[in-house]
Amino acid sequence: VWFAISLYALSLSSRAFARVSSVARVRKVEPTTKRLSGYNIFQKVCYRDPVFMRKIEGLPAAEQVRAIADSWKQLPPEDHADFLEQSRRMKKDACKEKDDCEDKTPQPKKPLPTYLLFSQGAFPELKKEYPNFNASALAKKSAKQWRSSSAMIRRGYRDLYEQQWKQYEQKVREWTSGVLPKGEVEEVARFPEETKPLPPKRPLSSFVLFQCKIRPGLCKEHPGWTFVALAKEILKEWRSLSEETRQEYTGQSELLRAEYEKEVEEWISKHGPLPAKRRKNKKMTEFRAASRSVWTR
């Protein structure tokens, strides 16, 4: 009896194997963008065959994969060649799709922000000046230069960024109208027609102008000093200045103030009133006023 049962099981497995091999010769896997190997295609065919799935229905996932691998090893060379040919065709189709995508014009890139525009121009000069520095040290140097740069330089980079952003919007409109269908243009081009620029920044005071001028030299002379020690030294030198030199810095601050007021008037005439400020904390305003009076004394 047991011998008869084993013979019957062997006949069932041979029928399932013949069924899989016959289906593999005729059936083709649907084309996908991802390239599949010959074994992956055979695996998909096995999972779609009901007789083979009935045979391995109660087995765990690892044993199912092992059974598919064993049946793959027992395949005749003709079936192996058929699966490999299907894999080669899928590779050719994927290459054709890639070539078709490369023929299309790529989507325009967003412009770099103001700091990256500044660092893009500062990096070559820093590399010449410090050839032994790595990328992180050069980035720190460029960040220091950006912090110590004047308001006029920052305003120039901001104007350049706004100009590049308008060009980018125009390129996006052209790209969406030429590449995508009409229904998808609104989904991709989610940029407002008129971007409201930031209002002009307030000018620097006379003490801050003096601090920006003297701070780099003190950092070079005393590299081990902390922020507090540098602030105390700057304050001492500011108090020891004569009235004439202080008047020079105040004159520069007044010129910047006049330019700022003109820019604010132009900005209000173009874009409306300035954005509302956040509510100030009374205790913080009193503390800042007291500290400002101590620093400028």
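- Other members of the cluster containing F227 do not exist, because no ILVMFWY side chain is joined to it at under 4.5 Å.
- T245 OG1 to E237 CD: the interatomic distance, rounded to the nearest 0.5 Å, is 11.0 Å.
- Here CD of Q74 is found 12.5 Å from CG of D79. Values are rounded to the nearest 0.5 Å.
- Here E85 pairs with R88, R89 under the salt bridge (Lys or Arg N to Asp or Glu O under 4.0 Å) rule; sequence neighbours left out.
- Atom CD of E244 has 12 or fewer neighbouring heavy atoms from other residues, nucleotides or ligands inside a 6.0 Å radius.
- Rounded to the nearest 0.5 Å, atoms CZ (R147) and NZ (K144) are 8.0 Å apart.
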Considering only distance and modelled atom types, tabulate donor-acceptor pairs under 3.5 Å from the side chains of residues 111-126, sequence neighbours left out.
residue: Y115; atom: OH; partner: S142; partner atom: OG; Å: 3.2
residue: S119; atom: OG; partner: Y115; partner atom: O; Å: 3.3
residue: S119; atom: OG; partner: L116; partner atom: O; Å: 3.0

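- By the 30° and 60° cut-offs, the orientation of the rings of W165 relative to Y168 is tilted.
- Residues R173 and E169 are in side-chain contact: their nearest non-hydrogen atoms beyond the backbone lie under 4.5 Å apart.
- Hydrophobic clustering (side-chain heavy atoms under 4.5 Å, transitive across Ile, Leu, Val, Met, Phe, Trp, Tyr) groups V208 together with I214.
- In this structure, the ring pair (Phe, Tyr, Trp, His ring centres under 6.0 Å) partners of F133, at least two apart in sequence or on a different chain, are Y130.
- Note: H271 NE2 to S269 OG = 8.0 Å, rounded to the nearest 0.5 Å.
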Can you give the donor-acceptor pairs under 3.5 Å from side chains of residues 249-257 to other protein atoms, not counting sequence neighbours?
residue: T250; atom: OG1; partner: R246; partner atom: O; Å: 3.1
residue: T250; atom: OG1; partner: Q247; partner atom: O; Å: 2.7
residue: S253; atom: OG; partner: L204; partner atom: O; Å: 3.1

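- Contact between G38 and S87 at its shortest, heavy atoms only, is N-CB, 4.0 Å.
- When the side chains of ILVMFWY residues are joined at heavy-atom separations under 4.5 Å, either directly or via intervening members, V45 and V65 end up in a single hydrophobic cluster.
- M152 has its side chain within reach of E259: a pair of non-hydrogen atoms, C-beta onward, lies under 4.5 Å apart.
- Note: F83 and F42 have perpendicular aromatic rings, judged against thresholds of 30 and 60 degrees for the angle between ring planes.
- By the salt bridge (Lys or Arg N to Asp or Glu O under 4.0 Å) test, R155 is found to be paired with E263, residues two or more places apart in sequence or in another chain being considered.
- In terms of heavy-atom proximity, N40 sits nearest to S37 at OD1-OG, 2.7 Å.
- Between R66 and D70, some side-chain heavy-atom pair lies under the 4.5 Å cut-off.
- Between W238 and F210, the ring-plane angle classifies as tilted under the 30° and 60° cut-offs.
- In this structure, NZ on K171 lies 15.0 Å from NZ on K110, to the nearest 0.5 angstrom.
- Note that CD of Q43 is 5.0 Å distant from CD1 of I68, once rounded to the nearest 0.5 Å.
- Nearest heavy-atom pair across W267 and L198 is NE1-O, 3.3 Å.
- Formation of a donor-acceptor pair under 3.5 Å by the R154 side chain with backbone atoms of W146 is found in this model.
- Using a 4.5 Å heavy-atom threshold, the side chains of K213 and L209 count as separate.
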